Structures are given as structure tokens and as C-alpha cells.
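Notes to accompany the following structure.
As the structure lists them, so they are numbered: ligands from 1, and atoms in each ligand from 1. Computed over heavy atoms, backbone and side chain alike; hydrogens, waters and symmetry mates excluded. Model, not experiment: these values are computed from the prediction.
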Amino acid sequence: MLDTSTLLIIDDCAADRKIYRRYLLKDPHQSYQIFEADCAEEGLALCQKIRCDVILLDFCLPDMSGLELFDRMQQEIFQTSVPVIMLTGRGDEEVAVQVMKRGALDYLVKHNVTQDVLQLAVRNAIKQSCLQAQLNKTQERQRLIATTALRIRQSLNLEQILNTAVAEVQQLLKCDRVIVYQFAPDTDGKIVASSVESFRTVALCDRVGAEEKAIEQEAGSRGKIPLLCTLPHTRSQIPNPESPIPYIYELGLCNCVSLKEQFNTQANLVVPINLSNNGNPTPKLWGLLIAHQNSGERHWQTDDAQMLNEVSVQLAIAIQQAELLAQTQAALTKEKQLNTFKSQIIATVSHEYRTPLTSILAAASTLAKHSQQLDESKQERFLGIIEQKARYMSKLVDNMLLVNQFELEKPTFKPILLDLLQFFSDLIEQERETTGDRHELIFNITGHTQGFWGDRGLLQQIFINLMSNAIKYSPDGGTVEFHLIGKESEAIFYIQDRGIGIPVRDQENLFQSFSRGSNVDTIPGTGLGLAIAKGCVELHGGDITLSSEVGEGTKVTVSLPKICPISQLSPSAT
Ligand code: ATP
Ligand code: MG
């Protein structure tokens with residue numbers, strides 16, 4: 001079937017109009033719907049009412065010259081060039097050239113008009129005008145995409161990039177809603193940015209706050225906008241990530257029922273967001289850019305898909321840049337932390353080592369110089385000082401190495417099935433030997449303690465540190481209670497002392513290396529014990545908390561899962 005084009009003949013000569021009409025209706029390649037006007041005013045009025053594919057315009061009209069009419073048409077009716085073929089008399093070619101310069105498509109000298117000439121001229125004019133319209137459209141599209149890309153790539157903050165992208169695409173495609181869906185490393189993903197209809201509210205799905213609630217309420221009250229949700233999917237249901245071609249993804253074709261329900265809508269346009277993959281030809285599928293229309297039916301055009309795909313390419317570049325920046329910033333922060341940590345180590349070493357070293361040197365030189373004058377008990381006392389201070393220094397080195405390990409890499413974690421009762425009995429016994437009689441150690445065990453897997457060395461680090469703290473920070477003595485409560489899937493331990501306690505303002509930072517309470521006075525310590533304990537607890541997949549009151553005492557609670565998560569295990573232990 002032939003396309004029908006709309007044609008308007010503006011000519012005051014009825015006979016000529018009749019001839020042109022006859023010629024054109026005989027065209028075997030094109031069909032026409034023809035309108036006629038015998039003066040300029042009538043022609044203008046018709047142009048206002050109908051969209052003409054081409055206009056045959058007589059140069060000489062009773063109420064206005066064809067040139068004037070052409071100018072008025074351009075000013076009043078058409079934004080783009082008027083698809084006009086000028087009809088002139090013999091000798092008027094100069095005027096015709098003027099009109100052509102102003103944008104008319106062609107001109108014909110009336111006396112030369114034959115059927116073939118007219119048919120061909122009109123067909124060419126239509127074709128040219130179509131091409132021009134297409135070109136204009138493509139240029140406009142490129143301009144819009146370039147502006148959108150510029151806006152998207154103005155920021156290096158991922159959240160901002162995504163929010164700008166959804167808002168911009170919504171404007172570009174004039175659709176109800178645009179969302180960015182990000183895949184997680186496993187099969188599930190989530191919506192990370194969403195732009196909803198005209199009020200253009202944007203929310204991050206994982207931020208459960210007033211903003212999201214507002215959208216949900218808004219969505220609920222409209223009854224048609226889907227709530228923010230996590231989209232269930234499997235990789236097989238998403239389009240081929242390698243395909244660079246945009247596609248129209250009808251939800252009706254998707255066999256994922258819940259996805260369909262969540263997006264109770266006719267059609268969605270979905271394109272992949274592909275990041276480049278370290279020189280690998282297969283890109284990394286980061287997520288999806290989805291435009292959808294909740295209200296009414298929308299038939300997505302290839303043009304829409306192309307635009308969405310081009311924006312998705314720009315979005316991918318912006319995401320990649322933001323991710324790179326975030327990685328660099330994280331590395332920089334880590335580097336700074338390590339530098340601070342190293343400085344702290346140097347400061348601690350110089351400070352904490354000086355005192356015991358001075359004592360060791362003094363005791364050793366006294367022994368060396370005056371051993372003959374010293375009786376046996378004095379000699380033993382000096383040797384005792386040397387041994388005790390050397391042990392202290394050795395422990396300090398061990399602690400710093402361990403903390404260093406936690407800062408740089410995870411220490412090895414090899415859990416075994418442990419008899420908790422035996423483990424703690426040994427530990428308490430050991431503690432009792434070194435604790436003087438000013439402290440009373442109470443050990444209490446309840447519940448079901450079997451089936452506990454843990455790393456013996458790391459557990460010793462935890463509980464020796466906690467017990468030695470309880471004793472050390474109770475300088476006036478008192479009871480130190482140690483409770484172990486065995487539960488179904490976890491073991492809970494708490495250590496309670498009646499010592500000096502910790503000021504509230506200091507409590508927050510105590511699990512960081514080198515942090516000490518402001519009330520320790522002359523009680524020695526390096527501030528590493530709790531950092532080590534926390535690191536070891538975390539390796540077990542557990543939790544450590546502390547509550548304390550100055551002058552009343554301190555209670556530290558440790559809860560450990562009986563079987564630690566597989567993700568925690570060292571590679572050699574799995
Ligand atoms: P070390 O590295 O030798 O253990 P430290 O005891 O100072 O030194 P942490 O065990 O990390 O270091 O404890 C950090 C700080 O927490 C202590 O300096 C102390 O101020 C406070 N603290 C810890 N446990 C107790 C407790 N049971 N009673 C009072 N204060 C405590
Ligand atoms: Mg300590």
C-alpha cells in the first residue's frame with residue numbers, strides 16, 4: 001500500500017489547480033490527500049489546520065505575493081523549513097532563486113509543468129523533507145544526549161550520578177519513572193536510584209528513612225506507582241549482557257511473576273549498564289537502566305531504546321570513574337591510617353620501651369659492677385627485675401605484631417572443636433597462679449557448652465586480655481566474676497570486675513589501638529589489649545561490648561557463634 005501524503009495547492013487559477021490535482025492523483029508511486037486554496041489568507045488558514053507534507057505555492061496571488069506568503073508561513077506556522085515548491089511564470093526565475101535561498105525545496109516554471117515533471121518534483125520534495133526532518137531529529141537527539149551526558153558526568157559521586165541519570169532520562173524520554181537497578185555480586189540486586197513522575201523524587205533503596213517512606217506513601221496513594229523494592233531475578237532472565245544492541249524488554253515476556261507484579265505496567269524499556277572489564281572484551285554487567293510507563297500504554301520506539309542505550313553508555317563511564325575515585329580514596333584513607341598507626345607504634349615503642357629498658361640496664365649494670373657486694377637475695381631481686389621487664393617488652397612486641405597483622409591482613413584463623421569447660425578451667429587456673437590474694441576469681445558456667453568451634457590461640461588472646469584488664473584495673477582488689485552461658489547456637493561470656501571503671505567519654509574509642517582511659521593514672525598499659533580482643537572476636541564472627549561506670553566496675557560481654565561463618569575461615573582451614 002502506498003503512503004498517503006498531504007498536499008496543499010495555493011493558486012488563484014482554478015484550472016491550474018485542477019490540472020495539478022489530476023497529474024498528482026495519477027502518480028503510481030505516491031498517493032495524495034489534496035487540499036486547495038485560491039488566495040494567500042485561505043492558504044495560511046489551511047496550513048494552521050493541517051500538517052502538510054508539501055505545498056505547491058503560486059508565486060502570484062491576488063492578496064499577497066508568493067514570497068510574502070512564504071515568509072509569513074515560516075514565521076507563523078513552521079518552526080522548521082516549509083516544504084514548499086514554488087510555481088512561477090516564465091521570466092520569474094530570479095524570484096524563484098530568492099525563495100529557494102530562503103528555504104523552499106524547489107521551483108517549477110508553470111508553462112513547463114508536465115505530469116511527469118510535477119510528480120517527480122513533488123515526490124523528491126517529500127523525500128527531501130523527510131530526510132531533513134530525520135536529520136533534524138537526529139541532531140536534536142544527539143544534542144539532548146550530549147547535554148544529558150554532560151550533566152551525568154559532572155559529578156564523581158555515585159549517588160549523585162545515579163540520581164542525575166534517572167532524572168535526566170525521565171526528562172529525555174518523557175516517561176513516568178526511571179530506575180537504576182544494580183546487581184549484587186550474588187544473583188540478587190536492588191534499585192539504587194529511582195525517579196518518579198513529575199515530582200522527580202529520588203531515593204536510594206537501601207536508605208530506610210523518611211525519604212523512602214515518603215515515596216512509598218506517594219506511590220501507595222497514587223496506587224499505580226510501584227513501591228521501591230528489591231527485584232528478584234536470575235541471570236537467565238536478564239538480557240544478554242554482551243549485546244551492545246538496545247532491546248525492548250516487555251515485562252509480558254518475562255517469566256518472573258513477582259517482577260511483573262511489582263511493576264504493574266504495560267511495557268518497560270530496559271538497557272544494560274555495562275562497565276569495561278580491565279581490557280577483557282566481555283564487559284561487566286553492573287546493572288540495568290529501566291524506563292517505564294505506568295499510565296496508559298506506551299509503545300517504545302527504536303529511537304527511545306537507542307537514546308536509553310546511549311545514556312547507559314555515558315552512565316557506565318561515570319559509574320566507572322566514581323568507582324575508581326572511591327577506590328583511590330579508600331586506598332588513601334587506608335594509607336593514612338597505616339601511617340598514623342606506624343607513628344603510634346614508633347611513639348609507643350620509644351615511650352613504653354624506655355622505662356623497662358632503663359630498669360633492665362640499671363639492674364644489669366648494678367649486677368655487673370657490684371655483684372660481689374650484693375647478697376644472694378638482692379642479686380635475685382635484680383635478676384627478677386630484668387626478667388619481669390624483659391617479659392613485659394616481649395609481650396609488647398607480640399601485641400604490636402598482632403595488632404599490625406589485624407591492620408594489614410587477617411591473622412590465620414583455624415577453628416577446632418573445643419571443650420569450653422576444660423579450656424576455661426585451665427585459663428582460670430593459670431590466672432589464679434599469677435593473681436595475688438587480693439583478688440577473688442569466680443568462675444561460673446551454665447547452659448549447654450558442647451559443640452563450640454574456635455581458634456584456641458585467638459580465644460586465649462581474648463580472655464587473657466580481658467581477665468588481665470579486670471585484675472589490673474581493680475588495684476584495690478575485689479571479686480572478678482567470669483560467666484560462661486552456653487546457648488543453642490552461641491556462647492556468651494562476661495567478665496565483671498569492681499575496679500576503677502571507665503569514664504563514659506573514653507568508652508567509645510577503647511577498642512581502637514593505643515586508646516586508653518583518662519583515669520588509668522600510673523597503671524601500666526599500651527592500649528592494645530582490647531583492640532586485639534576485638535579483632536579475635538570478629539574473626540570468630542562474634543561481638544564484643546563493654547559497659548562501665550567510674551568507681552563501680554566494668555563488664556565486658558563477648559558473644560561467639562558456636563560454629564563460625566565459613567566466610568571467616570582462613571583459606572588453609574577450609
Ligand atoms: P595492654 O595493651 O597492656 O592491654 P591496656 O590495658 O591499657 O594495655 P587495653 O586492654 O586495650 O589496653 O584497654 C584499653 C583501656 O581500656 C585501658 O587503658 C583502660 O583505660 C580501659 N580498660 C580496659 N579494661 C578495663 C577494666 N576492666 N576496668 C577499667 N578500665 C579498663
Ligand atoms: Mg589491657
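Where the criterion is an N or O separation shorter than 3.5 Å, residue side chain and backbone included, A531 fails it with respect to ligand 1. Looking at G527 next to ligand 1, an N or O pair under 3.5 Å apart turns up. Where the criterion is an N or O separation shorter than 3.5 Å, residue side chain and backbone included, N399 fails it with respect to ligand 1.
Not a single heavy atom of G499 sits closer than 4.0 Å to an atom of ligand 1.
Within 6.0 Å of CZ in R432 there are more than 12 heavy atoms belonging to other residues, nucleotides or ligands. Few gaps surround CD on Q373; more than 12 heavy atoms of other groups in view lie less than 6.0 Å from it. Within a 6.0 Å sphere centred on NZ of K284, other residues, nucleotides and ligands contribute 12 heavy atoms or fewer. Environment of NZ in K378: sparse, with no more than 12 heavy atoms of neighbouring residues, nucleotides or ligands closer than 6.0 Å.
Among protein heavy atoms, the minimum distance from atom 2 (O) of ligand 1 is reached at T526 OG1, 2.7 Å. In this structure, atom 20 (O) of ligand 1 lies nearest to the protein heavy atom G517 N, 2.7 Å. What sits closest to atom 11 (O) of ligand 1 on the protein, heavy atoms only, is L530 N, 2.7 Å. Residue, atom and distance of the protein heavy atom nearest to atom 7 (O) of ligand 1 are R516 NE, 2.7 Å. Among all protein heavy atoms, the one lying closest to atom 27 (N) of ligand 1 is D497 OD2, 2.8 Å.
Within the 4.0 Å heavy-atom criterion, the part of T554 lying near ligand 1 is the side chain and not the backbone. Residue contacts with ligand 1, taken as heavy atom pairs separated by less than 4.0 Å, involve S515 solely via the backbone atoms N, CA, C and O. If you look at V520 next to ligand 1, the close heavy atoms, those under 4.0 Å, all belong to the side chain.
For the atom pair T449 OG1 and F423 CZ, the distance stands at 13.0 Å (nearest 0.5 Å).
In this view, A316 and I273, L275 satisfy the side-chain contact (heavy atoms from CB on, under 4.5 Å) rule, not counting sequence neighbours. Partners of Q160 by side-chain contact (heavy atoms from CB on, under 4.5 Å), not counting sequence neighbours, listed by chain and number: S155, N157.
For the Mg ion (ligand 2), the tally of protein N/O/S atoms lying closer than 2.8 Å stands at 1.
By heavy-atom distance, the residue among L466, I502, I471 lying nearest atom 30 (N) of ligand 1 is I502. With distances taken over non-hydrogen atoms, the option nearest atom 19 (C) of ligand 1 out of Y473, Y392, F511, F514 is Y473.
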**Study point:** From CA spacing to verdict: side chain to side chain donor-acceptor pair (under 3.5 Å), H448, Q450
**Key:** CA-CA 6 Å; H448 163 71; Q450 280 87 13; 3.3 Å; yes
Exercise for review: For the pair R498 and E481, evaluate salt bridge (charged side-chain N to carboxylate O under 4.0 Å, His left out) and give the outcome as yes or no after the intermediate values.
Suggested key: CA-CA 9 Å; R498 312 268 169 235; E481 289 173 45; 3.2 Å; yes
Exercise for review: Take S276 and Q320, measure what side chain to side chain donor-acceptor pair (under 3.5 Å) needs, and give me the verdict at the end.
Suggested key: CA-CA 8 Å; S276 71; Q320 205 139 19; 3.1 Å; yes
Check your understanding: So Q430 and D426, side chain to side chain donor-acceptor pair (under 3.5 Å) or not? Walk me through it.
Key -> CA-CA 6 Å; Q430 212 175 298; D426 292 350; over 6 Å; no
Review point. Given the rule in the side chain to side chain donor-acceptor pair (under 3.5 Å) test, do T526 and R516 qualify, once you have shown the distances and angles that lead to the verdict?
Key: CA-CA 8 Å; T526 53; R516 300 204 71 203; over 6 Å; no
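Residue pairs meeting the ring pair (Phe, Tyr, Trp, His ring centres under 6.0 Å) criterion with at least one partner in residues 482-511, sequence neighbours excluded, are F424-F482, F424-F493, F443-F482, F463-F482, F463-F493, H483-Y494.
Residue G525 approaches ligand 1 through these ligand atoms, each under 4.0 Å from one of its heavy atoms: 3 (O), 7 (O), 8 (O). Taking every non-hydrogen atom of K472 and a distance limit under 4.0 Å, the qualifying atoms of ligand 1 come out as 3 (O), 5 (P), 6 (O), 8 (O). Applying the 4.0 Å criterion to heavy atoms of N469 picks out, from ligand 1, the atoms 6 (O), 9 (P), 10 (O), 13 (O), 23 (C), 24 (N), 27 (N).
The residue from E168, R153, R151 that alone fulfils the side chain to side chain donor-acceptor pair (under 3.5 Å) condition with Q314 is R153.
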